[in-house]
Amino acid sequence: LAFQANDCDGLIFDRCTISTPPGSERLYSANADGIHAKSNRTGPRVENCRFECHGDDSMTVVQSAQAVYEAPSPTELIVELDQYQLFLPGNRVALIAQDTGATRGEARVVDVSVVRYRDRNARKLTLDRPLPRSVSVESLDLSDIPPAPAGRDRTTPLARRPDLVADLELVGAGFQVRNNVFANHRAGGMRIYSRDGVVENNRFENLSGHGLQLGMELAWPEVHHASRITIRGNRFVNLSNTANIWIGTRLGDYSQGQGTANNDVAIEGNTFTGYGARLPGPASGCITVSNGQNVRIRGNTFTAPDPTQNPVPRAVRLDVCRDITIEDNTVVRRDPLVDPVAVTPRADRASVRVRNNKYTR
């Protein structure tokens with residue numbers, strides 16, 4: 001990592017350059033993330049920076065979730081203890097089901113202490129209200145405590161994975177990302193599993209992965225659902241492997257989650273050039289909503305998609321979603337017989353509004 005920002009509050013990154021030395025033949029500037037912001041009470045403000053040639057994402061705004069070991073009572077949880085300073089009294093927490101990605105319930109922490117569970121230290125959380133019956137190491141009758149997956153567990157059935165607990169006060173809410181350049185990575189631009197943030201007037205260029213990925217990814221496991229996010233005035237250039245902007249929930253085996261908990265996202269006034277989706281999977285439109293609701297896609301410009309790709313890439317793809325508005329966009333159509341907006345049978349078509357868009361050749 002170039003910058004590791006763990007357990008922080010309101011950091012400012014201004015005019016930083018993360019790139020290879022001028023004139024060098026190095027392939028990577030950093031072989032992982034540019035800025036990895038985890039467990040931040042208030043998210044970072046990142047302005048006027050350049051991120052180039054990373055081995056992983058330019059930037060992440062995330063939180064790690066902790067596995068549930070035991071639930072001694074409806075208002076008590078014993079959970080994994082890791083290096084992050086989580087679960088202060090008064091913090092709001094969410095209980096997440098690993099087989100769906102859905103939030104079972106939320107509560108506030110009244111007290112937290114370190115206890116022993118089997119052969120290790122753990123945290124005991126006392127909550128202000130009962131939570132629905134949790135799936136824990138004890139309820140699954142697991143003889144061994146599963147190791148933290150860190151993206152490597154692709155074999156354990158989801159029904160055999162304990163619930164997770166997320167500290168919702170430490171997801172980096174309030175982040176601001178403005179006037180930056182994200183270019184020439186083997187991975188993506190930003191992963192945002194947070195709320196109340198803005199991504200504005202940036203340039204995303206020649207990335208192998210997503211420009212922006214919003215939602216939740218339990219393979220690591222990193223949380224929480226994205227909400228109240230504004231994505232405005234950005235340029236996305238030659239991102240043709242997968243979605244330029246993807247809103248979705250991925251489970252621990254990288255399959256798609258259920259539900260529409262990612263919500264209230266505005267995607268406005270952006271420009272997309274040379275987009276496509278070579279990689280298979282659910283994120284196959286330039287803007288893809290795999291799991292979301294109340295998403296507004298307005299006033300964007302979609303110039304011609306990658307001319308080498310067949311079938312013709314769609315400007316927008318809607319899957320498990322509802323309350324979607326697509327209006328006042330300009331779309332260059334490579335093939336007049338292909339609808340730029342693809343809606344799968346799993347979308348709530350009655351709540352999808354497509355209006356006042358301009359289609360050109």
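Sequential numbering from 1 along the given sequence is applied to the chain's residues. Just so it is clear, the values below take in all heavy atoms, side chains as well, and ignore hydrogens, waters and symmetry mates.
Arg178 and Asn180 form no side-chain donor-acceptor contact under 3.5 Å, judged by distance and modelled atom types alone. Side-chain contact, Arg353 with Thr325: a donor N or O sits under 3.5 Å from an acceptor N or O. Counting only N and O atoms by type, the side chains of His185 and Ser208 include no donor and acceptor under 3.5 Å apart. With no hydrogens or angles considered, no side-chain donor-acceptor pair links Arg191 and Gln213 at under 3.5 Å. Side-chain contact annotation: Thr42 with Asp9, donor-acceptor N/O pair under 3.5 Å present. For Thr273 and Thr303, the side-chain atoms include at least one donor-acceptor pair closer than 3.5 Å. Of the N and O atoms on the side chains of Asn48 and Asp14, at least one donor lies less than 3.5 Å from an acceptor on the other residue.
No option in Asp99, Asp253, Asp153 other than Asp153 meets the salt bridge (charged side-chain N to carboxylate O under 4.0 Å, His left out) test with Arg161. Residue Tyr193 forms a side chain to side chain contact (heavy atoms under 4.5 Å, CB included) with just one option from His225, Glu217, His224, and that option is Glu217.
Scored by the side chain to side chain donor-acceptor pair (under 3.5 Å) test, Gln85 finds no partners at all (sequence neighbours excluded). Scanning for side chain to side chain donor-acceptor pair (under 3.5 Å) contacts around Glu52 gives Ser19, Arg50, Asn184, with sequence neighbours left out.
Looking at heavy atoms from C-beta onward, Leu88 lies out of side-chain contact with Val109 at the 4.5 angstrom threshold.
The pair Asp264-Arg228 does not meet the salt-bridge criterion, since no charged nitrogen lies less than 4.0 angstrom from a carboxylate oxygen.
As a member of the Ile/Leu/Val/Met/Phe/Trp/Tyr network built from side-chain separations under 4.5 Å, Trp220 groups with Tyr254.
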